[in-house]
Visitor: 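Structure below; questions to follow.
Labels below follow one simple rule: chain letters A, B, ... track the order of the sequence lines, proteins then strands, and each chain is numbered from 1. On a predicted model such as this, the values are computed, not experimentally measured, just so you know.
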Protein chains: 2
Amino acid sequence: MKTISRKEEIIRVASRLFYEKGYKTVSMRDIATAMNIKAASLYNHINGKQEILSEIILKLAEEFTVGMEKVVSENISAIEKVEKVIEMHVDITVNYSEALAALNNDWMHLEEEDLKAFVKMREDYEENFRKIIKQGIDAGEIKAYHPEVILFSILSTLRTLYLWYQKRGKIDVNILKKDMVSVLIKGIK
Amino acid sequence: MKTISRKEEIIRVASRLFYEKGYKTVSMRDIATAMNIKAASLYNHINGKQEILSEIILKLAEEFTVGMEKVVSENISAIEKVEKVIEMHVDITVNYSEALAALNNDWMHLEEEDLKAFVKMREDYEENFRKIIKQGIDAGEIKAYHPEVILFSILSTLRTLYLWYQKRGKIDVNILKKDMVSVLIKGIK
DNA sequence: TAACAAAACTAACGCTTGTTAGTTTAACTT
DNA sequence: AAGTTAAACTAACAAGCGTTAGTTTTGTTA
């Protein structure tokens, strides 16, 4: 039986607050109050505010990186790869919709080491996506728009999905996947 | 000859800093330092930090509202209306790319009155856009996906455009408009 | 040049921030 | 029941925050 540790609980509560108000606006006292303890008690479980942020963001970034690498290595067409990427985004969004806010809005508040690691992962991710699209265009599966514009359009939608997923009553995952694939793929095929 | 007032200069400098680090992270001393003056001097021109934020956001929101109402009132097809909306977004993005960061990321830090006004404008805007899409579906001009999914997909892309416009060397406005219309419209038509 | 207004300055305020040190309580293990 | 450890507590710190009051500098007009 897996019980969640106090540290994990702090991170979960912090994610929710960061989602609502942003990293800089949420104080350690805010997080503590939400857990019915005092701010100083948090330090029995974590090293500081900064650590909470990097745990949230880097763990998620890892998830995206691993997912993307898996898709890239599969022996399927470019369009199918794009579909898989979309489905991965939907899966992660559904499971971590609150943590995604920090990744999207507060990554610039990471410190030196972590910031560099995050930016690297992000760039690699985009580069992998870009390659898939180019490969699809070369194979004649995807319309020959500027790859950059296609990449931007799809990624923008996927990255903002967590906002809409929260706002409108958490639709069924499979329906959501189907809708996203439809709207995002049909336009470029 | 129109010279910009000191107040306008403060707002311009603040916009740039908010774009880079976010409203909460930027202090009045940061803004002052960027202008080579002391923080207290800012108060000769503005009433407070909060006023800077609301001037930035509400002025932009007004711009969107007016633009949308103009499009809605035109006697053209739904698809043409969507095109006009996309072009309006591109125009505003090009002219106010830094101020757009505050509107997108820091609107929740507005206070009571201003916050209510902003949310109202935003909702009205989305509702107008939604109506255009539904009208297009009814007229058979737009594919019969869920209107909400189409709305979300297009708006996400447009709202994030300011990030990409800054990152990749400020492309020519007309080319950008053409690309955006292509990618966003062809998928739903 | 004297007068005036605009816009800078210094100094300080009350408050909140993240974090630490040291102590007490609560919950298991033996 | 005694001992041990995890996790809470109180109290305080140094630094940074937005803002105010009062003063000095700067630049323009009479």
Side-chain angles (χ1 to χ4, degrees), chain A residues 1-58 102 105-115, chain B residues 1-58 102 105-115:
Chain A
M1 163 183 131
K2 169 132 179 271
T3 64
I4 67 165
S5 73
R6 207 79 174 108
K7 178 171 177 176
E8 283 168 331
E9 198 178 339
I10 291 172
I11 290 173
R12 215 196 50 212
V13 169
S15 294
R16 202 193 70 229
L17 294 176
F18 293 168
Y19 170 82
E20 289 165 1
K21 310 198 291 174
Y23 175 72
K24 280 284 176 181
T25 311
V26 175
S27 70
M28 293 301 274
R29 284 164 181 83
D30 289 336
I31 298 171
T33 300
M35 299 182 69
N36 286 312
I37 59 175
K38 301 294 173 186
S41 306
L42 295 169
Y43 289 81
N44 285 318
H45 311 284
I46 47 131
N47 292 320
K49 195 185 179 188
Q50 189 64 212
E51 192 190 43
I52 300 177
L53 186 68
S54 68
E55 290 254 342
I56 294 173
I57 293 182
L58 292 185
N105 307 321
D106 294 317
W107 60 269
M108 70 281 276
H109 300 123
L110 290 170
E111 305 200 315
E112 290 284 2
E113 296 282 319
D114 292 335
L115 179 60
Chain B
M1 162 183 128
K2 167 126 180 279
T3 65
I4 65 164
S5 73
R6 207 79 173 110
K7 177 171 178 177
E8 283 167 330
E9 198 176 342
I10 291 173
I11 290 173
R12 214 196 51 215
V13 168
S15 294
R16 201 193 72 231
L17 294 176
F18 293 167
Y19 170 82
E20 288 166 1
K21 311 198 288 173
Y23 175 72
K24 281 285 177 179
T25 311
V26 174
S27 70
M28 293 299 273
R29 286 164 179 84
D30 289 336
I31 299 170
T33 301
M35 299 182 69
N36 286 312
I37 59 176
K38 301 294 173 188
S41 306
L42 295 170
Y43 290 80
N44 285 318
H45 311 285
I46 47 131
N47 292 321
K49 196 185 178 190
Q50 189 65 212
E51 191 190 42
I52 300 177
L53 186 67
S54 67
E55 290 253 344
I56 294 173
I57 294 181
L58 292 185
N105 306 321
D106 293 317
W107 60 268
M108 71 281 278
H109 299 124
L110 290 171
E111 305 200 316
E112 289 283 3
E113 297 282 319
D114 292 334
L115 180 60

Visitor: Could you state the atom-to-atom distance from CG of A/L42 to P of C/dT17 in whole Å?
Guide: 13 Å
Visitor: Any side-chain N or O of B/H45 under 4.0 Å from OP1/OP2 of C/dA8?
Guide: yes
Visitor: Collect all protein-nucleotide pairs involving nucleotides 14-21 of chain D in which both atoms are nitrogen or oxygen and the distance is under 3.5 Å.
Guide:
from   : atom 1 : to    : atom 2 : distance (Å)
D/dG18 : OP1    : B/K49 : NZ     : 3.0
D/dG18 : OP2    : B/M28 : N      : 2.8
D/dG18 : N7     : B/R29 : NH1    : 2.8
D/dG18 : O6     : B/R29 : NH2    : 3.1
D/dT19 : OP2    : B/Y43 : OH     : 2.6
D/dT19 : OP2    : B/K49 : N      : 2.9
D/dT19 : O5'    : B/Y43 : OH     : 3.2

Visitor: Report each atom pair, protein N/O against N/O of nucleotides 3-5 of chain D, whose distance is under 3.5 angstrom.
Guide:
none

Visitor: OP1, OP2 of C/dC9 versus side-chain N and O of B/S41: anything below 4.0 Å?
Guide: yes
Visitor: Go through B/W107 and B/L115 one step at a time and tell me if the side-chain contact (heavy atoms from CB on, under 4.5 Å) criterion holds.
Guide: CA-CA 7 Å; B/W107 60 268; B/L115 180 60; 3.9 Å; yes
Visitor: Using 30° and 60° as the class limits, which term best fits the ring planes of A/Y23 and A/H109: parallel, tilted or perpendicular?
Guide: parallel
Visitor: Would you say the side chain of B/N44 and the base of C/dA8 hold a donor-acceptor pair, judged only by whether the two atoms sit under 3.5 Å apart?
Guide: yes
Visitor: Using whole Å, report how far CG of A/L53 lies from P of C/dG18.
Guide: 12 Å
Visitor: Rounded to the nearest 0.5 Å, how far does CD1 of B/I57 lie from CG of B/D106?
Guide: 6.5 Å
Visitor: From the list D/dA8, C/dA8, D/dC9, which nucleotide is the closest neighbour of the side chain of B/I37?
Guide: C/dA8
Visitor: Measure from the side-chain N and O atoms of B/K24 to the backbone N and O of A/K21, and report whether any donor-acceptor pair falls under 3.5 Å.
Guide: no
Visitor: Between A/Q50 (side chain) and A/E111 (backbone), is there a donor-acceptor pair under 3.5 Å?
Guide: yes
Visitor: My understanding is that only residues two or more places apart in sequence, or in another chain, count here; which of them pass salt bridge (charged side-chain N to carboxylate O under 4.0 Å, His left out) with B/E20?
Guide: B/R16
Visitor: Answer yes or no: is there a side-chain heavy-atom contact under 4.5 Å between B/H45 and B/E9?
Guide: no
Visitor: If we only count heavy atoms from C-beta on, is the A/E51 to A/I10 side-chain gap below 4.5 Å?
Guide: no
